[in-house]
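Computed from a prediction, not measured in an experiment: that's the story for all the values here.
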Amino acid sequence: MDYRIEVKECIINDRSLSLTLMGEVADKNINSHFLSKPKIILYFTNGKEDRRIPFVLSNVTYVDGKCFFSGRYTYRLDLLFWKTRSEHMPFDMYLNFGFEGFYEEKINVDLTPEVFETDDKCYGYKFEGNHFYFMPNKNKILHSLPARFFVGFISFLIGFIEYIIAIAMLPVFIVDGLLRLTDIKRMPARFNDESTVKRFLAFVFWRFSQVATKKVALWTVKRFIFKVCYSFYKLKKVKNNKITFISLRRDDLTGNFAFVYNKIKDDKSLDINFILNEHTISEMSFKEICEFTNACATSKVVILDEFTPQIHYIDLRPQTKLIQLWHACGAFKTFGFTRLSKPKGSPQPTRNHRSYDYVTVSSTYCKKCHSEGFGISTENVVATGIPRTDVFFDEKYKQSAKEKFFNEYPHFKGKKIILFAPTFRGMVKETSFYPTEMFDLNTVCEKLPEDYVFIVKHHPFVKDKQPIPSKYKERIIDLSEDNELNDLLFVTDAIITDYSSLVFEASLLNIPMVFYVFDLEKYVNERDFYFDFKLYAPGRIVYSQEQLINVIKNNDFCTEKIKPFADMFFDYRDGKSTERVVKLIYDNLK
């Protein structure tokens, strides 16, 4: 593969870097398929931390076996690093390049820009072959102390005056809110909570924030209380034996947490605590806020299993180590900072994810993906394996799970069990859905022999039920409400999915898979993947229900793609991932 990349323009202005890149790739296999596209990653390193940030390509064109691409994007240089953000150390920038199955670190091309502009305000610079070298001027970045004080004081004064005005107008906002609860004056569509009181309060807060510059909402008030409580509990000492498990994904002890806890629960020297609920900060009571902040302030190790926004509202002490046991295996759909250019993707200035000390993943291949997605150093990503996958190597557990299932659903015994487990559409939990009309169980059951039965397992975010035809109720069960998906794999003969990370667990058991992706192009544009979906998906890809039925009928699943997929995404297949995670925890208790 031949490629060329040029820096057409580089502008360093105050704390921002604006880059314009242009390039081309020549390869005989290039076609205009939407999945064949180049990827450029900016790699920054200051010796203590490294950061991988996607470069947003806005134009990609295919002509006669060549791919031409270009883009322009602006990055905040002072927000690259998190752990060392106050040190303002010199740092390098390289370009990484990928296309289809090809990937190369720190590409060896001359990155000297054709057009260069700088205000020399905050950053010095050098261009040396294949990298840029930046030298921060700490005094200019931070400005002088008197100037910061003056600006801060004036800003506070303006905000205070605005609040006085807003408070004076509060009775007007309250009356307006009451009027809008009637049918005569309509409440804006955004205030759609089922609770009348919550709709009213949200509207009043919104009207208040229109006058006051700083927006006021229930969650901002509670976030302030959250920070105050944390500052209070920081007066207490960190307990060197205290571990706290925090999950906003589940309210019971399941998943990775259960496996880790069962391994350490008999150690009487440990002080083990749990915060398990599904509350956002606006839903947390004062008692819950106190429990949460006390745990964060006094624990030696805090363990997460999902994005937990509350943890990023505070700066944990250096003695406290934050370990993310990310719930998903592998690296499939893009997440976090990788989605920089995607709809509702994480913007660079946010601190989300960047405070993790360690993230556990399933393989070395995943390290770059999680490092990029979470905005942390590659060294902070550890390929331990995923604790909950240990059951796939426990024959007694597998047999027990099978017996439990068939005791509950004896009419499924001896049948060919198909698990239908798609992921959700939409960007956030509140708006998640699956277009159930695209998978018509009536048609599928009609076209397949009677010995085929179905387990329906939608993502927990999807609230709409899959319509189950009454005439086929003996052939279909909906287990979407069940927490544990892994146990269903032990009785599954084939899987119908789309973009679910379930494929990683299924690959460990060598289960045939078919990918029903009727909206693939739209999904790529809105979400995208860490690898070429068409090239690496471990099964047959279909775009219509008719194709799906034919694959199942003909047993045409492309099972030869499963083993290479599992090899890529699992360094260990020994049932000892929990042991490696527990060792990481104990190492951080020392």
Could you check, using the six-membered ring where one of them is a Trp, whether [X] and [Y] have ring centers closer than 6.0 angstrom?
X    : Y    : result
F99  : Y3   : no
H327 : F307 : no
F332 : F531 : yes
F565 : Y536 : no
F81  : F44  : no

### Task
Check the pair F335, F374 against ring pair (Phe, Tyr, Trp, His ring centres under 6.0 Å), reporting the backbone distance first and the verdict last.
CA-CA 8 Å; F335 58 88; F374 291 141; 5.0 Å; yes
### Message
Tell me which pairs pass side-chain hydrogen bond (donor to acceptor under 3.5 Å, both in side chains) where either residue lies in residues 444-454, with sequence neighbours left out.
### Response
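Output for this query is empty, none listed.
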I'd like to know if the side chain of [X] reaches the main chain of [Y], judged simply by a donor and an acceptor atom lying under 3.5 Å from each other, with no hydrogens or angles considered.
X    : Y    : answer
E6   : L21  : no
Q466 : F439 : yes
D305 : S247 : no
S544 : Q547 : yes
S363 : M568 : yes
S371 : I376 : yes
H458 : P422 : no

Looking only at heavy atoms, what is the nearest atom pair of [X] and [Y], with distance?
X    : Y    : result
P435 : F518 : CG-CZ, 3.6 Å
G336 : H353 : CA-CD2, 4.5 Å
F97  : P38  : CE1-CB, 3.8 Å
L253 : A258 : O-CB, 3.6 Å
F557 : P512 : CG-CB, 3.6 Å
F570 : S507 : CE1-OG, 3.8 Å

So do [Y] and [X] actually touch side chain to side chain, heavy atoms under 4.5 Å?
X    : Y    : answer
P467 : L441 : no
L111 : F132 : yes
V391 : F259 : yes
C329 : T389 : yes
C366 : V381 : no
Y434 : D498 : yes
V503 : F569 : no
S480 : V456 : yes

According to ring-ring contact (aromatic ring centres under 6.0 Å, His included), who are the partners of [X], at least two apart in sequence or on a separate chain?
X    : answer
Y358 : none
Y43  : none
H459 : F424, F461
F515 : F533

### Task
Might you work through the ring pair (Phe, Tyr, Trp, His ring centres under 6.0 Å) test for F55 and Y73, ending with a clear yes or no?
CA-CA 7 Å; F55 181 80; Y73 206 77; 7.3 Å; no
### Task
Using the ring pair (Phe, Tyr, Trp, His ring centres under 6.0 Å) rule, take F412 and F406 through it: C-alpha gap first, then chi angles, then the decisive distance, then the call.
CA-CA 7 Å; F412 269 40; F406 288 120; 8.1 Å; no
Identify each donor-acceptor pair in which a side-chain atom of residues 489-497 lies under 3.5 Å from a protein atom, sequence neighbours left out, and give them as a table.
{"unit_1": "T492", "atom_1": "OG1", "unit_2": "L488", "atom_2": "O", "d": "2.7"}
{"unit_1": "D493", "atom_1": "OD2", "unit_2": "I417", "atom_2": "N", "d": "2.7"}
{"unit_1": "T497", "atom_1": "OG1", "unit_2": "A421", "atom_2": "O", "d": "2.8"}

Which pairs with one or both residues in [range] pass salt bridge (Lys or Arg N to Asp or Glu O under 4.0 Å), sequence neighbours excluded?
range            : answer
residues 549-563 : R540-D556, K563-D567
residues 462-475 : K465-E481
residues 355-369 : K83-D357
residues 374-398 : R388-E505, E395-K398

### Query
Should E49 and R51 be marked as a salt bridge (Lys or Arg N to Asp or Glu O under 4.0 Å) after you check the CA-CA gap, both sets of side-chain angles, and the distance that decides it?
CA-CA 7 Å; E49 286 189 83; R51 281 281 280 122; over 6 Å; no
### Query
Hey, are T334 and D528 close enough side-chain-wise for a donor-acceptor pair under 3.5 Å?
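There is no such pair (donor and acceptor under 3.5 Å, judged by atom type) between the side chains of D528 and T334.
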### Query
E372 and T338: side-chain donor and acceptor closer than 3.5 Å?
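Result is yes, a qualifying pair exists.
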### Under-4.0 Å salt bridge between K39 and D532
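No, this pair does not count.
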### Message
Using ring pair (Phe, Tyr, Trp, His ring centres under 6.0 Å), reason through Y516 and F420 one step at a time and then give a plain yes or no.
### Response
CA-CA 10 Å; Y516 179 33; F420 174 59; 7.7 Å; no
### Task
Could you go through the side-chain contact (heavy atoms from CB on, under 4.5 Å) check for Y499 and V517 one step at a time?
CA-CA 8 Å; Y499 320 113; V517 290; 3.2 Å; yes
### Message
Please verify the inter-ring angle class for F274 with Y261; under 30° counts as parallel, over 60° as perpendicular, anything in between as tilted.
### Response
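Aromatic pair F274/Y261 classed perpendicular.
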### Between CD1 on residue I455 and CD1 on residue I477, distance to nearest 0.5 Å
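One finds 4.5 Å between CD1 of I455 and CD1 of I477.
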### Query
Nearest 0.5 Å, what's the CG-CD1 distance between L95 and I107?
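Interatomic distance, L95 CG to I107 CD1, rounded to 0.5 Å: 5.0 Å.
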### Query
So, is the end of the R354 side chain (NZ or CZ) under 6.0 Å from the ring centre of F337 and within 45° of the ring's axis?
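Yes - R354 lies over the ring of F337, closer than 6.0 Å to its centre and within 45° of its axis.
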### Message
Going by the rule salt bridge (charged side-chain N to carboxylate O under 4.0 Å, His left out), which residues pair with D519 if we only count those two or more places apart in sequence or in a different chain?
### Response
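If we apply the salt bridge (charged side-chain N to carboxylate O under 4.0 Å, His left out) test to D519, skipping adjacent residues, the hits are R425.
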### Task
Could you tell me which residues satisfy salt bridge (charged side-chain N to carboxylate O under 4.0 Å, His left out) with K106, sequence neighbours excluded, listed by chain and number?
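If we apply the salt bridge (charged side-chain N to carboxylate O under 4.0 Å, His left out) test to K106, skipping adjacent residues, there are no hits.
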### Task
Answer yes or no: are there more than 12 heavy-atom neighbours, outside E546 itself, under 6.0 Å from its atom CD?
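No, not enclosed.
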### Task
Dump the intermediate steps for side-chain contact (heavy atoms from CB on, under 4.5 Å) on R339 and R527, then the final yes or no.
CA-CA 7 Å; R339 295 177 57 222; R527 185 72 186 261; 3.6 Å; yes
